[in-house]
Amino acid sequence: MKIGELARRSGLAASTIRFYESKGLLKAVSRQSNGYRDYPLEAVAVLSIISGAQQAGFSLEEIRQVLPEDMSSWKHDELLAALNRKVADIAALEARLAQNKAQLLSLIQLIDARPEDVDCKENAARVMHSMGMTGKE
């Protein structure tokens with residue numbers, strides 16, 4: 001199929017498809033005598049895998065490492081290892097995000113607890129002091 005048809009079926013722009021091909025992610029592309037690319041039907045599935053993997057947080061290099069030359073030759077152990085690594089990466093990111101969220105919520109609470117007789121400048125100094133940031137370092 002030509003790139004326009006592949007773009008329509010995959011929902012990706014033709015430029016994105018050409019980019020993936022240039023990065024070696026989309027293989028088995030032949031050229032017709034007029035120079036047009038001719039993509040096999042399995043290219044739709046490959047593009048779906050690439051898009052899904054990117055949405056899951058995989059880099060193009062990570063995708064390249066596990067994407068087989070031929071869709072019938074998946075390397076089971078390598079694929080599972082890559083997926084498990086990505087799950088661990090996501091868990092670590094979630095932990096960092098939860099910690100960041102807790103710090104921000106604490107800061108919000110500290111700022112919001114401004115005594116009524118304290119102006120913003122004094123409140124900023126109070127917050128900085130509470131955080132151990134006295135400005136004398």
Side-chain angles (χ1 to χ4, degrees):
M1 87 184 80
K2 291 182 182 160
I3 196 164
E5 175 69 11
L6 181 57
R8 187 183 64 71
R9 287 183 180 210
S10 68
L12 297 173
S15 59
T16 301
I17 295 168
R18 284 190 290 274
F19 174 76
Y20 289 153
E21 182 184 347
S22 74
K23 295 298 180 184
L25 295 169
L26 191 57
K27 301 169 178 95
V29 177
S30 61
R31 296 270 182 167
Q32 297 174 346
S33 60
N34 60 7
Y36 290 170
R37 292 170 172 88
D38 187 29
Y39 295 91
L41 189 56
E42 78 174 14
V44 177
V46 171
L47 290 172
S48 177
I49 290 167
I50 294 168
S51 293
Q54 279 193 297
Q55 289 175 2
F58 283 85
S59 69
L60 292 180
E61 183 56 36
E62 289 171 325
I63 296 168
R64 181 185 354 274
Q65 289 174 9
V66 296
L67 200 61
E69 291 285 327
D70 175 344
M71 292 302 287
S72 64
S73 63
W74 282 98
K75 296 175 183 169
H76 180 83
D77 293 338
E78 287 179 34
L79 179 60
L80 284 176
L83 293 171
N84 282 316
R85 277 191 308 273
K86 189 52 67 179
V87 168
D89 291 347
I90 290 169
L93 178 60
E94 287 174 331
R96 285 192 308 272
L97 289 172
Q99 182 179 11
N100 291 349
K101 180 180 177 182
Q103 288 173 341
L104 288 171
L105 290 172
S106 177
L107 181 59
I108 289 168
Q109 185 178 23
L110 184 60
I111 292 168
D112 196 39
R114 175 178 62 98
E116 288 187 29
D117 62 336
V118 172
D119 67 16
C120 285
K121 184 176 180 180
E122 290 174 304
N123 193 44
R126 180 186 67 82
V127 169
M128 297 297 273
H129 180 74
S130 295
M131 296 173 60
M133 304 165 106
T134 59
K136 297 179 182 176
E137 293 159 40

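Just so you know, residue 1 is the first one in the sequence shown, and it goes up from there.
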For this session: Go through the structure and list residues passing side-chain contact (heavy atoms from CB on, under 4.5 Å) with D77, not counting sequence neighbours.
Result: none

Seminar exercise, completed: In short, salt bridge (charged side-chain N to carboxylate O under 4.0 Å, His left out) pairs touching residues 12-21 with sequence neighbours left out are E21-R37

For this session: Please list, chain by chain and in numerical order, all residues satisfying side-chain contact (heavy atoms from CB on, under 4.5 Å) with Q65, sequence neighbours excluded.
Result: E61

Seminar exercise, completed: The reported gap from CD in Q99 to NZ in K101 (rounded to nearest 0.5 angstrom) is 14.0 Å

For this session: Without swapping roles, check the side chain of S51 against the backbone of L47 for a donor-acceptor pair under 3.5 Å.
Result: yes

For this session: Might you point out which heavy atoms bring L67 and L25 nearest each other, and give the distance in Å?
Result: CD2-O, 3.2 Å

Seminar exercise, completed: Contacts of E5 meeting side-chain hydrogen bond (donor to acceptor under 3.5 Å, both in side chains) (sequence neighbours excluded), chain-then-number -> R8, R9

Problem set entry | Sequence neighbours excluded, every pair satisfying side chain to side chain donor-acceptor pair (under 3.5 Å) that has a member inside residues 82-91 | E62-K86

Problem set entry | Residue pairs, two or more places apart or on separate chains, that pass side chain to side chain donor-acceptor pair (under 3.5 Å) and touch residues 104-119 | none

Exercise. In chain order, what residues pass the side-chain hydrogen bond (donor to acceptor under 3.5 Å, both in side chains) check against E78, with sequence neighbours excluded?
Worked result: none

Seminar exercise, completed: Students should find that the hydrophobic cluster of V87, defined by side-chain heavy atoms under 4.5 Å apart, otherwise consists of none

For this session: Kindly write out the residues that satisfy salt bridge (charged side-chain N to carboxylate O under 4.0 Å, His left out) with R126, not counting sequence neighbours, or none if the list is empty.
Result: none

Problem set entry | Residues I63, Y20; criterion side chain to side chain contact (heavy atoms under 4.5 Å, CB included); working and verdict | CA-CA 11 Å; I63 296 168; Y20 289 153; over 6 Å; no

For this session: Not counting sequence neighbours, which residues clear side-chain contact (heavy atoms from CB on, under 4.5 Å) with A56? List them please.
Result: F58

Problem set entry | Under 3.5 Å donor-acceptor, D38 side chain and M1 backbone | yes

